[in-house]
Number of protein chains: 2
Amino acid sequence: MYTLAEENYIKTIFHLQQTINGAVSTNAIADSMDTKASSATDMVQKLADKKVLSYVKYKGAQLTEKGKKIATKIVRKHRLWEVFLVDKLGFHWDEVHEIAEQLEHIHSTELIKRLDSFLGNPTFDPHGDPIPDELGNFIKTEKKLLSQLNKSQFGVCVGVKESSPEYLQYLDKKNISIGTKINVLGKEFFDGSMVIEVGRDQFFVSKKIADNLYVQTA
Amino acid sequence: MYTLAEENYIKTIFHLQQTINGAVSTNAIADSMDTKASSATDMVQKLADKKVLSYVKYKGAQLTEKGKKIATKIVRKHRLWEVFLVDKLGFHWDEVHEIAEQLEHIHSTELIKRLDSFLGNPTFDPHGDPIPDELGNFIKTEKKLLSQLNKSQFGVCVGVKESSPEYLQYLDKKNISIGTKINVLGKEFFDGSMVIEVGRDQFFVSKKIADNLYVQTA
DNA sequence: TATAATTTTTAGTCTAAGCTAAAAATTAGT
DNA sequence: ACTAATTTTTAGCTTAGACTAAAAATTATA
């Protein structure tokens with residue numbers, strides 16, 4: 001069994017590995033966890049002893065298969081609980097992260113098994129992120145960022161890259177959620193900003209907005 | 001906000017106060033938490049500083065109103081989660097304690113509010129224990145121990161005093177659960193043992209068994 | 001009521017996990 | 001290629017919580 005702190009480090013390293021390829025630096029870990037690099041170094045060394053990750057001084061850390069398995073289990077729990085919070089308790093998608101952050105650390109295999117089937121074995125969470133199965137396999141989806149579309153193309157929103165309450169609330173204000181169709185009416189190559197159409201509304205979005213929305217184009 | 005350890009101490013002291021009247025000793029706390037008396041003393045002193053309880057050296061601890069409020073909130077969460085686990089996920093009443101022990105420490109007022117209404121605002125948990133409302137009020141019930149009944153009397157099972165898996169599994173084996181009618185066919189005054197009737201079955205129960213089952217007689 | 005037995009507290013360690021400041025290694029700039 | 005700047009690690013401290021062993025207080029017993 002792993003402590004709360006250990007689980008949080010494992011999860012963070014897992015997520016960083018998705019973005020950055022190769023080993024993740026202790027600084028990156030510390031930044032993303034709002035802690036100090038020295039603390040990250042300590043923990044990474046401890047987790048290396050436990051064979052959860054491999055660590056080369058000054059080079060960074062990389063989860064082992066064992067570590068990935070642990071991380072995947074946590075991610076699965078987090079996302080299943082998010083589905084529960086939204087589908088069953090009626091929370092809004094921008095309110096569930098904090099709570100799921102706590103619930104993901106509840107230890108009970110049977111609980112997750114039952115929760116999963118209670119929820120109808122969902123494959124995506126309320127933000128469009130895939131829920132790994134019991135074996136840790138993620139569904140691979142063909143998704144692009146909205147910012148990768150060009151003028152006259154369209155896509156259906158399938159998820160968000162950033163899921164901060166601020167961003168999610170912005171999307172709500174614009175009536176964008178999973179399943180929403182988005183037409184690209186114009187694109188400014190200078191700054192990457194776009195004019196898009198959502199339902200009957202047409203409005204301007206900055207590159208930063210478009211960079212954090214996943215769409216399916218097929 | 002209180003740490004996990006603090007919450008567990010507060011909860012334990014709350015439960016001990018229900019049984020023992022007056023202040024609870026650090027030894028009683030330590031015993032019931034599987035820790036050492038010196039640890040209990042340390043924590044009790046810290047909680048006294050925080051005005052969660054009053055503590056007189058060598059005399060024991062007593063929760064303040066503030067402390068009772070915290071404890072009640074934890075008990076409410078524990079029991080609501082137990083209802084969720086049994087009613088929604090199909091767990092058996094002897095399997096839920098451990099998991100609820102973890103879930104009771106999730107912090108979110110909104111979550112509990114929503115969970116409560118999702119469950120239909122239950123007033124009793126799967127073991128027959130009352131669920132305090134948001135203000136911390138418990139429903140008062142007229143319940144006796146099975147061992148307090150005499151020959152030819154009957155009662156309806158409304159709860160258990162002990163809720164160890166072993167005891168609950170025994171009750172299951174005998175088809176006794178909340179709502180089960182129990183007739184006392186005979187009672188041995190020497191050792192307090194009884195012969196009871198449950199459905200079409202008649203069998204012997206020791207005083208220890210009868211001492212841990214609550215029944216309603218009205 | 002003095003002494004023995006028990007309970008409770010204190011004092012001093014230990015571990016997990018964090019931090020600061022200094023040292024060491026790596027990367028960048030000239 | 002050699003400093004300078006940056007990143008990363010190490011060393012040493014801090015706090016929460018638990019433990020052991022010793023001291024102090026309380027309760028029981030003769």
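Order of the sequence lines sets the chain letters (A, B, ...), proteins ahead of strands, with each chain counted from 1.
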Problem - A/K59 vs D/dT7: side-chain N/O to OP1/OP2 distance below 4.0 Å - result: no
Handout entry: Whole-Å distance separating the NZ atom of B/K36 from the P atom of C/dA11
Key = 20 Å
Problem - Donor-acceptor pair (no angle test) under 3.5 Å: A/S38 side chain, D/dT8 base - result: no
Exercise for the section: Give the ring-plane orientation class for B/F138 versus B/F14, where under 30° counts as parallel, over 60° as perpendicular and anything between as tilted. Expected result: parallel
Exercise for the section: Taking A/K77 for its side chain and A/I106 for its backbone only, find out whether a donor-acceptor pair lies under 3.5 Å. Expected result: yes
Exercise for the section: Report yes if at least one side-chain N or O of B/S39 is closer than 4.0 Å to OP1 or OP2 of D/dA18; otherwise report no. Expected result: no
Practice task
Rounded to the nearest angstrom, tell me the gap between atom CE in A/M43 and atom C1' in C/dA16.
Solution key: 8 Å
Problem - Spacing of B/N8 atom CG relative to D/dA16 atom C1', expressed in whole Å - result: 14 Å
Problem - Position toward the 5' end of DNA chain C (nearest nucleotide), B/Y55 or A/T3 - result: B/Y55
Exercise for the section: Check whether any side-chain N or O of A/T26 sits under 4.0 Å from OP1 or OP2 of D/dT7, and answer yes or no. Expected result: no
Exercise for the section: Write down the distance between CG (B/D42) and P (D/dT15), rounded to a whole number of angstrom. Expected result: 15 Å
Exercise for the section: Look at B/R79 together with B/E82 and state whether they make a salt bridge at an N to O cut-off of under 4.0 Å. Expected result: no
Problem - B/K57 vs C/dT8: side-chain N/O to OP1/OP2 distance below 4.0 Å - result: no
Practice task
Kindly say if A/Y9 contacts the phosphate of C/dG18, meaning a side-chain N or O under 4.0 Å from OP1 or OP2.
Solution key: yes
Handout entry: Euclidean distance, A/L171 CG relative to A/I209 CD1, rounded to 0.5 Å
Key = 7.0 Å
Practice task
Calculate the interatomic distance between B/I29 atom CD1 and C/dT7 atom C1'; express it in whole Å.
Solution key: 14 Å
Handout entry: Atom pair distance, as rounded to whole Å: CG in A/D31 and P in D/dT6
Key = 15 Å
Practice task
Round to the nearest Å and state the distance from A/Y58 atom OH to C/dA23 atom P.
Solution key: 13 Å
Fill in the blank from the handout: note: A/K50, atom NZ; C/dT15, atom C1'; distance rounded to Å ~ 11 Å
Problem - A/S25 side-chain N/O to D/dT7 phosphate OP1/OP2 under 4.0 Å - result: no
Exercise for the section: Name the nucleic acid region contacted by A/A5, choosing base, sugar-phosphate or nothing; use a 4.0 angstrom heavy-atom cut-off, strictly under. Expected result: sugar-phosphate
Exercise for the section: Return no unless some side-chain N or O of A/N27 is found under 4.0 Å from OP1 or OP2 of D/dT7. Expected result: no
Problem - Under-4.0 Å salt bridge between A/E101 and A/K11 - result: yes
